Amino acid sequence: MPELPEIETIKNDLAVKLLNKKIVQIKVNLPKIVKNPLAGFLKKLINESFKKVNRRGKLMIFEINKDLFLLIHLRMTGQLIYQEKGVVIAGGHSDTKLDFSLPGKHTHLYFTFADKSQLFFNDLRQFGYAKLVDKKELDQTLLRFGVEPLSADFTLQKLKDLLKNKKRNIKAFLLDQQVIAGIGNIYADEILFASKVFPLRRTETLNAKEIADIHTNTKKILQKAIKYRGTTFNNYVDSEGKKGSFLNFLQVYQRANKPCLKCKSIIKKIKVAGRGTSLCQKCQK
DNA sequence: CTTCTTGTTACTGA
DNA sequence: ATCAGTAACAAGAA
């Protein structure tokens with residue numbers, strides 16, 4: 001599941017690779033992945049180039065010009081893989097095959113640039129999307145996003161303000177993109193474990209230390225995950241088709257029925273906010 | 001065969 | 001107004 005650290009990794013890589021390269025060909029294999037009328041989508045992009053690439057939450061934003069932006073959301077199983085001419089890379093969804101070639105079975109959209117390099121949008125479950133928007137629609141879209149957890153805006157006071165008047169469990173709060181943008185199931189579980197807070201705890205019952213710990217751990221864990229280029233346990237790969245290695249640092253996510261790394265009691269799995277949630281009953285209160 | 005997997009939106013009901 | 005829960009989307013793993 002690509003969350004903030006995974007999207008940030010892809011975005012940073014692409015920013016040094018494909019900016020200002022002329023798009024000479026666009027192939028759409030699965031039209032529903034493109035959320036615009038196809039003819040206009042192709043016409044507006046062909047012979048143009050991406051001038052900037054940004055991220056907001058889990059959304060990638062490619063700027064074509066000041067009034068045209070390509071939004072790409074990978075949802076759960078999307079991949080964005082960039083390949084220089086003639087370079088055969090690992091990756092795709094069959095990551096056991098080291099010579100996996102692109103486009104593949106799950107490549108729904110890809111761009112070819114003037115230097116023959118290519119950008120492939122793969123998505124096994126077809127929930128991801130690409131959408132061209134103007135500045136007005138971009139701004140409207142971005143209104144729905146909460147604070148960026150790694151920005152200077154996300155202070156302890158800001159978190160306290162966000163928690164004010166909220167009555168829900170803390171995991172649902174962390175997952176709500178309109179409150180804080182970019183945290184998904186993996187990092188929500190990791191943040192709560194590190195903060196010793198039980199995922200079902202009501203936000204109004206959190207004490208000052210717990211709120212401060214959640215604030216600190218959110219920043220720390222997301223930053224560390226970016227440093228290790230994200231978490232791969234199934235589909236996620238970076239823009240070179242390579243896995244992220246933060247999997248090796250996960251403390252609780254995907255460790256159900258294994259001993260807690262801190263206290264050795266067995267990690268439980270329950271459902272919270274509709275998601276599988278891993279937790280330690282002894283460490284998290 | 002069934003069940004589970006998850007980001008987001010839409011919808012229902014409390 | 002808020003929030004919880006569920007279905008939907010789709011395809012694969014176990």
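Chain letters run A, B, ... following the sequence lines, proteins first and then strands; every chain starts at 1. For the numbers below, each heavy atom of this structure counts, side chains included, while hydrogens, waters and symmetry mates do not. If you're wondering where the values come from, they're calculated on a predicted model, not measured in any experiment.
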Exercise. On a whole-Å scale, what distance lies between the C1' atoms belonging to C/dA8 and B/dC1?
Worked result: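 After rounding to an integer number of Å, I get 22 Å for this pair.
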
Expressed as a whole number of angstroms, how long is the span from [X]:[atom1] to [N]:[atom2]?
X	N	atom1	atom2	result
A/Arg75	B/dT8	CZ	C1'	4 Å
A/Leu74	B/dT8	CG	C1'	13 Å
A/Asp123	C/dG12	CG	P	12 Å
A/Leu124	C/dC9	CG	P	17 Å
A/Asp189	B/dG7	CG	C1'	15 Å
A/Tyr129	B/dT9	OH	C1'	11 Å
A/Gln178	B/dA10	CD	P	11 Å
A/Ile33	B/dT8	CD1	C1'	14 Å

For this session: Please determine which of A/Arg56, A/Lys58, A/Arg55, A/Lys227 meets the salt bridge (Lys or Arg N to Asp or Glu O under 4.0 Å) test together with A/Glu8.
Result: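 Result: among A/Arg56, A/Lys58, A/Arg55, A/Lys227, A/Arg55 is the only option passing the salt bridge (Lys or Arg N to Asp or Glu O under 4.0 Å) with A/Glu8.
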
For this session: May I ask you to test the A/Cys263-A/Cys280 pair for a side-chain heavy-atom distance under 4.5 Å?
Result: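 Yes. Closest side-chain heavy atoms under 4.5 Å.
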
Exercise. For DNA chain B, what string of dots and brackets results from 5' to 3' when Watson-Crick and G-U pairs need both distances under 3.5 Å, crossing pairs get [ ], and pairs with another strand get |?
Worked result: .||||.||||||||

Under 3.5 Å between N/O atoms: give me all the protein pairs with nucleotides 4-7 of chain C, atom names plus distance.
from, atom 1, to, atom 2, distance (Å)
C/dA4, OP1, A/Arg202, NH1, 3.4

Exercise. What nucleic acid atoms does A/Gly128 come within less than 4.0 Å of, heavy atoms only: base, sugar-phosphate, or nothing?
Worked result: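 It contacts nothing in the nucleic acid.
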
Exercise. Just checking A/Tyr253: base, sugar-phosphate only, or nothing, at a heavy-atom cut-off of under 4.0 Å?
Worked result: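 Answer is sugar-phosphate: A/Tyr253 comes under 4.0 Å of backbone atoms only.
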
Exercise. Hey, what do you get for CG (A/Leu142) to CG (A/Leu71), rounding to the nearest 0.5 Å?
Worked result: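 Taking CG in A/Leu142 and CG in A/Leu71, the distance rounds to 7.5 Å.
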
Problem set entry | Between A/Glu84 and A/Ser117, a side-chain donor and acceptor under 3.5 Å |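 Looking only at side-chain atoms, A/Ser117 and A/Glu84 do not form any donor-acceptor pair under 3.5 Å.
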
Exercise. Side chains of A/Thr277 and A/Lys171: do they bring a donor and an acceptor to under 3.5 Å?
Worked result: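 Short answer, yes.
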
Picking from [options], which would you name as closest to the side chain of [X]?
X	options	result
A/Arg275	B/dG7, C/dC9, C/dG12	B/dG7
A/Lys105	C/dG12, C/dA11, C/dC3	C/dG12
A/His106	B/dT5, C/dG12, B/dG7	C/dG12
A/Lys32	B/dG7, C/dG12, C/dC9	C/dC9

Exercise. Is the aromatic ring of A/Phe127 within stacking range of C/dC9, meaning centres under 5.5 angstrom and planes under 30 degrees?
Worked result: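 By the stated criterion, A/Phe127 and C/dC9 stack.
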
Exercise. Near A/Lys220 NZ, under 6.0 Å, is it more than 12 heavy atoms from other residues, nucleotides or ligands?
Worked result: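 12 or below, so no.
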
Exercise. Are any of A/Gln126's side-chain N or O atoms less than 4.0 Å away from OP1 or OP2 of C/dC9?
Worked result: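 Negative; the distance criterion is not met.
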
Exercise. Between A/Lys271 and B/dT5, does any side-chain N or O lie under 4.0 Å from OP1 or OP2?
Worked result: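 Yes, because at least one side-chain N or O of A/Lys271 sits under 4.0 Å from OP1 or OP2 of B/dT5.
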
Exercise. Should the pair A/Phe246 and A/Phe249 be assigned to parallel (<30°), tilted (30 to 60°) or perpendicular (>60°) ring geometry?
Worked result: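 Correct class here is parallel.
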
Exercise. Which residue pairs pass the ring pair (Phe, Tyr, Trp, His ring centres under 6.0 Å) test with at least one member in residues 14-65 of chain A, sequence neighbours excluded?
Worked result: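 Sorted pair list: A/Phe50-A/Phe62, A/Phe50-A/Phe111.
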
For this session: List the steps and the verdict of ring-ring contact (aromatic ring centres under 6.0 Å, His included) for A/Phe154 and A/His215.
Result: CA-CA 8 Å; A/Phe154 187 59; A/His215 177 255; 5.0 Å; yes

Problem set entry | Partner of A/Glu210 by side-chain hydrogen bond (donor to acceptor under 3.5 Å, both in side chains), out of A/Lys196, A/Arg201, A/Lys285 |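 Running side-chain hydrogen bond (donor to acceptor under 3.5 Å, both in side chains) over A/Lys196, A/Arg201, A/Lys285 with A/Glu210 returns exactly one hit, A/Arg201.
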
